[in-house]
Amino acid sequence: PELNQMAANAAFDLVAGYGKLFELLTPSTKALILERFPGRDNPHWQKQIASEANKKSQEIARYLLPLGTPSNLQHTISELTLLRLYHQSRTMPAQPELKSIIEGMVNVVSQVDPSILDEISTPFEPSENSIVPDFASFSEEFDELIAGFPVKLDTDSQSLSHKLARAVRLTLSQSLKNLPDDEALDMLLDPNNNKLLAETTGDIVLDRLSQSLNQINISALVSLSHVANEQFHRHRIFNHTEQSLLPIPATDHDFIIPTILEKNQEALDLYVFILNNHHQTLRELQTYGVSQEDLQYLLTNATRIRKSI
């Protein structure tokens with residue numbers, strides 16, 4: 001109960017910080033809009049400018065909200081996708097509420113079309129993966145490759161097999177030293193290790209590790225916030241290879257600071273203060289035995305994601 005309360009307080013503090021940051025940012029976002037559209041600085045545009053400034057402030061302030069913030073979505077999927085999701089929820093790590101939603105969808109469909117229960121075959125059991133993420137060495141190696149840029153075009157002249165192995169390391173948060181190319185490729189391409197290679201329903205397209213196969217085309221290394229990352233997923237504009245687990249940010253470089261905050265020192269100081277305090281709380285929770293998987297819910301939208309597209 002004490003740990004639950006500690007986690008709840010951390011989430012409440014983020015929501016309170018969201019409100020404070022929104023208030024501090026609104027004058028800055030209004031000034032930014034009028035700087036771009038000086039002709040609208042008159043009573044006729046006053047109401048619309050205020051509305052746009054509020055929306056912009058909300059967009060920036062939500063960087064402080066935790067990933068576990070409840071959302072309501074309307075999402076249409078095919079039966080094949082539902083079968084794949086069901087298999088994934090049975091064989092791969094998934095949050096309890098995700099499993100519950102998938103089971104609920106299957107149950108609702110079965111009431112209309114009972115044959116879906118006959119079509120749900122027994123999924124393959126993925127091989128055991130005992131590799132423990134090495135966030136520190138992975139982040140150091142990734143940041144060296146991306147050289148301080150938010151995006152860097154992948155012009156690596158090395159072989160496609162090296163790029164594929166690098167995608168495996170990215171998924172598992174491993175460095176080249178800890179997971180050499182041969183071992184990484186063996187995990188992905190050997191059917192004895194990756195049993196999804198032998199299945200026929202396409203479950204492999206949902207598997208984080210197997211999605212590394214997407215990266216043997218032209219790719220780029222990208223460093224971005226969780227907010228921007230979810231836009232990539234929502235619009236389905238790129239294939240993705242990203243970490244299956246995110247680390248607790250260790251430094252200010254491990255979270256994104258929106259550029260507009262540079263024009264509002266008070267808002268910037270509040271933003272950094274809230275995030276640093278929050279990350280310290282997460283480290284304390286981890287020390288008390290809370291798993292990395294459970295702590296994902298309390299990471300914020302500002303968390304830097306290192307990925308390949």
Side-chain angles (χ1 to χ4, degrees), residues 75 77-78 80-89 91-94 98 123-124 126-127 129 131 133-135 138-139 141-143 145-146 149-176 178-247 296 303-309:
H75 190 54
I77 61 174
S78 67
L80 179 58
T81 299
L82 180 55
L83 292 176
R84 291 170 178 171
L85 289 171
Y86 181 82
H87 289 169
Q88 185 186 40
S89 71
T91 60
M92 303 174 191
L98 179 58
F124 279 89
S127 302
N129 177 13
I131 292 184
D134 185 354
F135 295 125
F138 162 75
S139 298
E141 183 174 281
F142 185 98
D143 291 347
L145 287 170
I146 205 170
F149 296 100
V151 178
K152 182 182 178 184
L153 186 65
D154 188 356
T155 57
D156 192 341
S157 61
Q158 299 190 59
S159 66
L160 291 179
S161 61
H162 175 72
K163 293 184 178 181
L164 189 56
R166 188 178 66 194
V168 172
R169 285 191 289 271
L170 190 154
T171 305
L172 300 175
S173 297
Q174 294 293 319
S175 64
L176 175 60
N178 292 340
L179 187 62
D181 284 2
D182 290 346
E183 293 180 23
L185 293 174
D186 193 55
M187 292 180 63
L188 177 66
L189 301 177
D190 185 344
N192 292 316
N193 295 325
N194 187 359
K195 296 179 180 179
L196 291 175
L197 291 169
E199 57 81 40
T200 58
T201 58
D203 292 2
I204 195 170
V205 302
L206 298 178
D207 176 41
R208 283 287 182 89
L209 183 63
S210 299
Q211 286 173 355
S212 301
L213 292 165
N214 295 329
Q215 298 305 313
I216 55 174
N217 301 303
I218 297 175
S219 62
L221 301 177
V222 181
S223 176
L224 73 176
S225 70
H226 192 277
V227 174
N229 188 54
E230 289 306 299
Q231 293 301 313
F232 275 165
H233 283 288
R234 185 164 72 89
H235 295 292
R236 304 180 183 180
I237 51 178
F238 293 112
N239 291 320
H240 305 260
T241 299
E242 63 188 45
Q243 297 163 270
S244 54
L245 277 179
L246 297 175
Q296 300 293 294
T303 304
R304 183 181 295 276
I305 294 179
R306 297 169 171 92
K307 66 187 297 178
S308 179
I309 59 175

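Counting begins at 1 with the first residue of the sequence.
Here the side chains of Arg169 and Asn178 are not in contact, with every heavy-atom distance at 4.5 Å or above. With contacts defined as side-chain heavy-atom distances shorter than 4.5 Å, the pair Ser161/Leu185 qualifies. Side-chain contact between Leu245 and Gln296 is present, with at least one heavy-atom pair separated by less than 4.5 Å. You'll find the side chain of Val168 stays beyond 4.5 Å of the side chain of Gln174, heavy atoms only. With contacts defined as side-chain heavy-atom distances shorter than 4.5 Å, the pair Asn229/Lys307 qualifies. Put simply, the side chain of Leu189 reaches to within 4.5 Å of the side chain of Leu213, judged on heavy atoms. Residues Gln211 and Glu242 have side chains not in contact (no heavy-atom distance under 4.5 Å, counting atoms from C-beta outward). Between Asp186 and Asn192 there is no side-chain heavy-atom pair separated by less than 4.5 Å.
Take Glu141 and apply the salt bridge (charged side-chain N to carboxylate O under 4.0 Å, His left out) test, not counting sequence neighbours, and it matches no residue. Qualifying side-chain contact (heavy atoms from CB on, under 4.5 Å) partners for Glu183, counting only residues two or more places apart in sequence or in other chains: Leu179, Pro180. Listed by chain and number, the residues in a salt bridge (charged side-chain N to carboxylate O under 4.0 Å, His left out) with Asp143 are Arg306 (sequence neighbours excluded).
In this structure, OG in Ser210 is found 6.0 Å from CG in Leu197, a value given to the nearest 0.5 Å.
In plain terms, the two heavy atoms of Phe142 and Val222 that are nearest each other are CZ-O, 3.6 Å. Of all heavy-atom pairs spanning Ser223 and Phe149, the tightest one is CB-O, 4.4 Å.
Counting only N and O atoms by type, the side chains of Ser175 and Asp134 include no donor and acceptor under 3.5 Å apart.
When Arg208, Met187, Gln243 are each tested for a side-chain contact (heavy atoms from CB on, under 4.5 Å) with Leu172, only one passes: Met187.
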